Structure formats: structure tokens, C-alpha cells
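Shown next, in C-alpha cells, is the structure this report addresses.
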Amino acid sequence: MSEQLRPDQAPATSEDAAPRVGTIDSQPATTAPAQDVIVDEREGISFTTRSFGRQTWDRFRRHKVAMFAAALLILLAISFWVAPVLSPYGFRDIDVAAMRQGPSIAHPFGTDQIGRDLMVRTFHGGRFSLRIALVVALLTTLIGTIIGSIAGYFGGVVDTLLSQVINLFLIVPALVVLLVVGVRYGASPNGIAIILAFLLWPGIARVVRGLFLQYREQEFVLAAKAAGARAPRIIVRHILPNTFGPIIVNATLLIGTAIILESTLSFLGVGVTPPTPTLGNLVNEAKGAIDSRPSTILIPGGFVVLIALCVNFLGDGLRDALDPTTRKG
Amino acid sequence: MTATDRSVATTPTGDPVLEVTDLVKHYPIRAGILRKQVGSVHAVDGVSFTLGHTETLGIVGESGCGKTTLGRTLLRLVEPTSGEVRFKGEDVVAAGNRRMRELRQDMQMVFQDPFASLNPRMPIQDIISEPLQIHGTDKKEARQRAGALLAAVGLSPEHGNRYPHEFSGGQRQRIGIARSLAVNPDLVVLDEPVSALDVSVQAQVLNLLEDLQEEFELSYLFIAHDLSVVRHISDRVAVMYLGQIVELADRDELYEAPAHPYTHSLLSAVPVADPDLEHSRERIILEGDLPSPSDPPSGCRFHTRCPIAQDNCVTDVPPLLEVRPGHWASCHYALGPDETLVQRVKELGREVHLAESETGITQA
């Protein structure tokens, strides 16, 4: 706040110069259509204002790596949905005349052991993997936020009980559960997504609980209580909007985790049932060809790494832009 | 404190708005796996006073003496351990949830930290109108009233859709005041409303509070640690030490003829604007730190730091007695109207610990 405050030495009435305004990041106020100046005559000061969204975007924009990662992710997502449509091959089309081919003009990524075009399968696989990851991120965030906010806001016995449940889920060996439950229910993309969400929610729940513990003692929450607000109103209208930053960051990072977990499961053969391609399935199918045609395993594997990397950089950028503890002013 | 005739420890003007009797708030200290209670913090320990219609009662004391807890307990933002709070004759502590919500329209609070007391994600017209909306006013009407309230506290109604971070500390505190007035309360607990503000802005906010008190017929409980601010705004002043009121009197009486040695030493810590007077006056330094409120001293709680304590102060709890008309103090050896603490210490033949002149310049 203090950096926003500047003595109003050159009031906005000055004709020859644009009003001098202080901005949080002390950059020249060149990009200022959404800004305006508050002049408080009583206290003799003026300062610029920017909305929260605007401030966040300004900070995020300066994070070059995150911007690049975001652009690349969007590009990947578009290509996953568009490329299979443009391709002359279907992802299930078998061509016995073109089995086990290396990269060529007709098949840039090569073909698999029954002659399916690997490029269309990779992009299709990316589509399935990304869809699963998004569903996982949404579901996980939803469950984790609800349980975390209840535990953190009410505290006491409620918190003790829910925290024990959270801890119980955290100590469960995820891979074992996935192997057991995955065999039974994991055949469809949505089934996998639900299983992953069920295993991942405690992480978010703990973050949200911590934030609620912190915010429920804030004076603005007390003020709402003094006004007669009940718990649901305080949770939804007062505390939750203040926790969006960390929640969004965690949800973003979850996409990366989910992509990797889905690939792991599919590689182990308990993920989405073939022939539906996911990036993990493709790596699994190609594992026999690791010596003869390494590109068949490196390409889908590379996509997994690329998506996870982009998501993590994006998450870092969002954290820097949204985290209130790094927010200046 | 033993039970004394504390209900008389008051000189209410007109019908009292607030009557507090023996209010206690202990916070449990828990330890171990079983969360067994191993002790308690005596934040507020037997406080009684009354507050008259349109009166301002100042509550002063050091950090950690229970001022803030007292204010919050009165509004049941913190549940009291025991004691009675009567608001316009009605027992607030016994009120059920539904009744308590209704009562909250008449009892409001302004908070200390203008940067923490406004939700950063809400436009200020929603912040101000929320109390109205909670109590059933429709959104449009509530927002109109928010505009009127913004004008009443000296802000521009057009700024209603801005967010708190777009305002300065003083402006934010005005917003907090506007919020507290939205439901048209009778009582406002002001918890250090100006201590986070610059001195120049403090004066503006204090004047605003005085104007609003007149306009809306408000009764104030003004909690602060700044003695000069309290003197400026209060009709009567209560001094708190370790969760108890040690002295309660009309403002001028308390500042000019304090009876309790604690009040004396507090007042002597306030610098005087006249440099000659400032250098010539004798200032008593309090020895030691504030004792822990989880293990308050026996007898008189002030005896560990009191320069005039005697043997019986360690064992006997001094009741809050009317030492002069309308002037209450809890001290076995209350000072007379023209007596200074330094005189008393010298009379007792004890060494006087005086503060040294900070500038080191000897006045001619």
C-alpha cells in the first residue's frame, strides 16, 4: 500500500503533462487504460488503482518462462484436438502393409506393430491424457476445497476428525491402491480420473485447511461475525475468495501430477484399456521396440515430460503472480 | 477481586446502555496428546462497569492487559467464561443464536487494523452494506445506504465499487466505521481505531467519531493504549492492568488526580509538550515486566512492580473502592488528590527510580 501512496504534487489538472502516478512495481505508467487516480483532498494524496485481476496479470506477464509454458500448453492442447481431425489416418486404423515403420513422410512418428499411425495415436493419446488430467484437477480441487475449508473453519473436533481422515489418505501407498482398484475400475478414462482424484484430494485439503486456519482469525472475518453472518456466508463470501490464488496454483500443478500418474498406470497395464490410446499406453505398447525403434517410446514419453514441465512452470508463474505473501502493496 | 459493591462503581448518565458485571474470560492452555488443560490465561478477570447513553468510556492499558479481549467478549465474538453483560437491560450472554444476531444490529465494532479488517476481495459498497443484507435489506437499498454512509464518513459515494487496497489507512478506517454504522447501532466498541494511523489522520478520524456520535446518538467503548487520544475523546476512563480495572473516574479527575500508583506511572510516561516542564518534571520508571496473565501475582496484581507496595499488598486483594465521589480505584494505599507518586515513595523512605532526561541537555 505504502508504495502506492505518493504526495499529490502534480495534480491531474496539469495540462502539459499526464498525471504522474505511482504504480506498485514503479514502472512508468505507460499501460494505464484500466488505471485511474484517486484523489483524496482530505488527506492530500492521490494514488493509482488497479484491480486484483489486472495486478495479477501484470505480474504473470513478466514471468517469461511461465508465459512461454502457457503458450506451449495451449498450442499442445489445440494440436491434440485438431491434428487427429486433419490426419488421413484414424487412431484405430490398422495397415498390415505398414507395420513397425520408422519415421517417414507418410508416418512422421512411424507406425506400431500392427501398422497404426503413431502420430495420430500420439495426438489422440495426448487428448485422452490431458482430459483425464483436467478432470482429476477439477475433482481433486473440489473435494479438497470442501473438506479443507470445513476442517479449517470449524476447527476443534471437526478439524481433528477430518485431519485424521486426510492423514489416513496421505499414508496410503498410492501405487498399491491404484494397482488393485485400477484393475477393477480403471478401464475407462473417467474411471481412472475418479480413482486419481480420490487419492490426490488430501494434498489440496491440507493446503485449504491451513489457509482457512489463517484467515478465520483475521479481523474482516470477525467483522462479518459481528455483523451477524453465519458460517456458510463467511466461508463462501469472505474466506474462499482469498484462498483462490493458492488453490489455482495447486490445481495447476495437479495436472502435471495426474498426467504422470496416468502414464504410470497405463504403462503398468492397469490404466485405460487399449486400444484407446493414452500417452502411457503408447509408451507401454512401444516398450518392446526400445532397441529397434527408440523414437516410438521417446515421442509419447517426451510429450508426458513436456506437459508436466510446462504445467510446473505455469504453476510457478501463477504462484508468483497470485500468492498474497509475495504481493507488494 | 473479592465481591464488592461494584455495581456502584459507575456514574452513568441517563439509562445505561451497557452494564457489565464480573466479566471473566480465561483461555485454556492445553498440552500433551490428550489436550489436557494445564492452566489458563486470565485475559479478562472480573471486570465491571456501566456505559451510559451517548457516553464514551475509554479503556486504557498496556499491550496484553485484556483490553481487546474485553471488547470482543462484550459482543460475544469471544464467548465469556463467566459474568454478565446487559445491553439495554437484556442479558447478552444468555441470548440464543437467533436473538444474538438481532442484537448485533445494535452492537457494533470498529477494528484496530484497517488493513486486516476489510475483506480484500470485496468492493467497499458490499463491505459496508453486508451487515444490512445479512439482516434482510435488499441489495439495491443496502447499496444506496452504503453510498450515504460513505458520504457520512467523508468519502465519495462514487468510490463504492472500488476495493480496499485502493484506499489509504485513514480512508480504510473510515470505511470500517461506515460498516459499523450501517445497521444503526446504539453501541460501538472501538478497538484501538486510530492506533494504526498517522498522527495527522488520527485527529481527523477522532473528530469524525465525535461528529458521528452526536449525529447518530452513539455510545462508545473506546479501547486504546494512547493516553492522550483517550483523554481527547472520553467522558470517563477506565485503566486496566492484567485483566482487571484498577481505576475508573471521570476523564479530568483521572488525568489530573490519579489515585492508583499504576495510573500515576502511566501518566508520568506521557511526554509534556512544554520543554521546560518536560525536563523539570519527575518521571517514575516502572520496574520489571508485565507479569504473565497465565500466572497473575497474588494479592494486588500490581504489587510486583509497585513502588509503594507494602506487605499486605502481596496477600490481600484490594477491592475497587470509591476513593472520591465518582472516582474508583483498587489500591490499599490510594494516593490523595494532590499527592504525587514521587512524594509517596520518598515518604516511605525508598529509593526513587527516576527517568533521566533523554536529551541530556541541562535546562538553565
Side-chain angles (χ1 to χ4, degrees), chain A residues 1-8 24 35-56 156-157 160 214-234 236-245 322 324 327-329, chain B residues 35 72 75-78 97-98 100-105 107-123 126-127 129-135 154-156 159 162-172 174 176 179-180 182-183 185 189 191 197-198 200-201 204 208:
Chain A
M1 201 68 210
S2 61
E3 287 173 55
Q4 275 187 314
L5 306 180
R6 296 287 158 86
D8 186 23
I24 283 180
Q35 306 180 354
D36 51 352
V37 188
I38 290 183
V39 179
D40 182 32
E41 286 161 16
R42 206 183 272 253
E43 288 175 26
I45 50 173
S46 73
F47 48 93
T48 59
T49 71
R50 290 184 299 177
S51 70
F52 264 96
R54 175 76 199 223
Q55 289 183 39
T56 306
V157 183
T160 310
Q214 174 194 333
Y215 275 106
R216 70 168 187 175
E217 304 295 338
Q218 293 266 325
E219 284 189 343
F220 69 80
V221 172
L222 268 184
K225 279 184 191 162
R230 293 188 185 86
R233 186 188 190 94
I234 293 176
V236 174
R237 291 210 45 177
H238 288 275
I239 305 185
L240 211 49
N242 284 289
T243 61
F244 279 163
L322 284 166
R327 183 185 290 278
K328 294 182 198 125
Chain B
R35 315 291 297 147
R72 291 181 179 179
L75 301 190
R76 277 183 67 193
L77 294 175
V78 169
N97 284 341
R98 180 185 291 263
M100 197 58 224
R101 260 195 297 280
E102 287 168 12
L103 280 171
R104 294 202 184 285
Q105 297 185 63
M107 313 164 74
Q108 276 295 312
M109 184 149 184
V110 174
F111 293 89
Q112 174 176 6
D113 184 350
F115 291 85
S117 64
L118 306 178
N119 187 342
R121 298 300 171 96
M122 262 193 186
D126 286 354
I127 289 176
S129 64
E130 188 182 33
L132 286 165
Q133 291 185 40
I134 288 171
H135 294 291
L155 292 171
S156 171
H159 290 172
R162 293 178 194 273
Y163 286 84
H165 74 273
E166 304 176 39
F167 295 90
S168 68
Q171 290 173 321
R172 287 177 180 217
R174 288 166 196 270
R179 167 176 59 192
S180 74
V183 286
V189 173
D191 183 10
L197 306 177
D198 290 344
S200 61
V201 182
Q204 293 166 6
L208 172 70

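Source: prediction; values computed, not measured. The chains referred to below are lettered A, B, ... by the order of the sequence lines, with proteins before strands, and numbering in each begins at 1.
Contact detail for Glu130(B) and Ala224(A): the closest heavy-atom pair is OE1-CB, 4.3 Å. Closest heavy-atom contact between Pro120(B) and Phe220(A): CD-CE2, 3.9 Å.
Note: Ile234(A) CD1 to Ile134(B) CD1 = 7.5 Å, rounded to the nearest 0.5 Å. To the nearest 0.5 Å, the span separating CD1 on Ile127(B) from NE2 on His238(A) amounts to 8.5 Å.
The candidate from Gln133(B), Met122(B), Arg179(B) with the greatest count of non-hydrogen atom pairs under 4.5 Å with chain A is Met122(B). Ranked by heavy-atom pairs under 4.5 Å with chain A, the list Ser180(B), Pro185(B), Pro131(B), Ala116(B) is led by Ala116(B). Residue with the most contacts toward chain A among Val110(B), Leu118(B), Asn119(B): Asn119(B) (heavy-atom pairs, distance under 4.5 Å).
Residue Arg233(A) touches chain B through its side chain alone, counting heavy-atom pairs closer than 4.5 Å. For Gln112(B), the parts sitting under 4.5 Å from any heavy atom of chain A are the backbone and the side chain alike.
Not counting sequence neighbours, Arg230(A) has no partner by the salt bridge (Lys or Arg N to Asp or Glu O under 4.0 Å) test. Applying the salt bridge (Lys or Arg N to Asp or Glu O under 4.0 Å) rule to Arg76(B) yields the partners Glu79(B); only residues at least two apart in sequence or on another chain are considered.
Side-chain atoms of Gln108(B) come within 3.5 Å of backbone atoms of Ala226(A) as a donor-acceptor pair (strictly under, hydrogens ignored). Panel note: side chain Glu219(A), backbone Asp113(B); a donor-acceptor pair is recorded below 3.5 Å.
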(request) Given side-chain contact (heavy atoms from CB on, under 4.5 Å), test Arg237(A) with Asp126(B) step by step and report yes or no. (result) CA-CA 11 Å; Arg237(A) 291 210 45 177; Asp126(B) 286 354; 4.1 Å; yes

(message) Show, in sequence, the C-alpha distance, side-chain angles and deciding distance for Lys225(A) and Arg104(B), and conclude whether the side-chain contact (heavy atoms from CB on, under 4.5 Å) test is met.
(response) CA-CA 9 Å; Lys225(A) 279 184 191 162; Arg104(B) 294 202 184 285; 5.7 Å; no

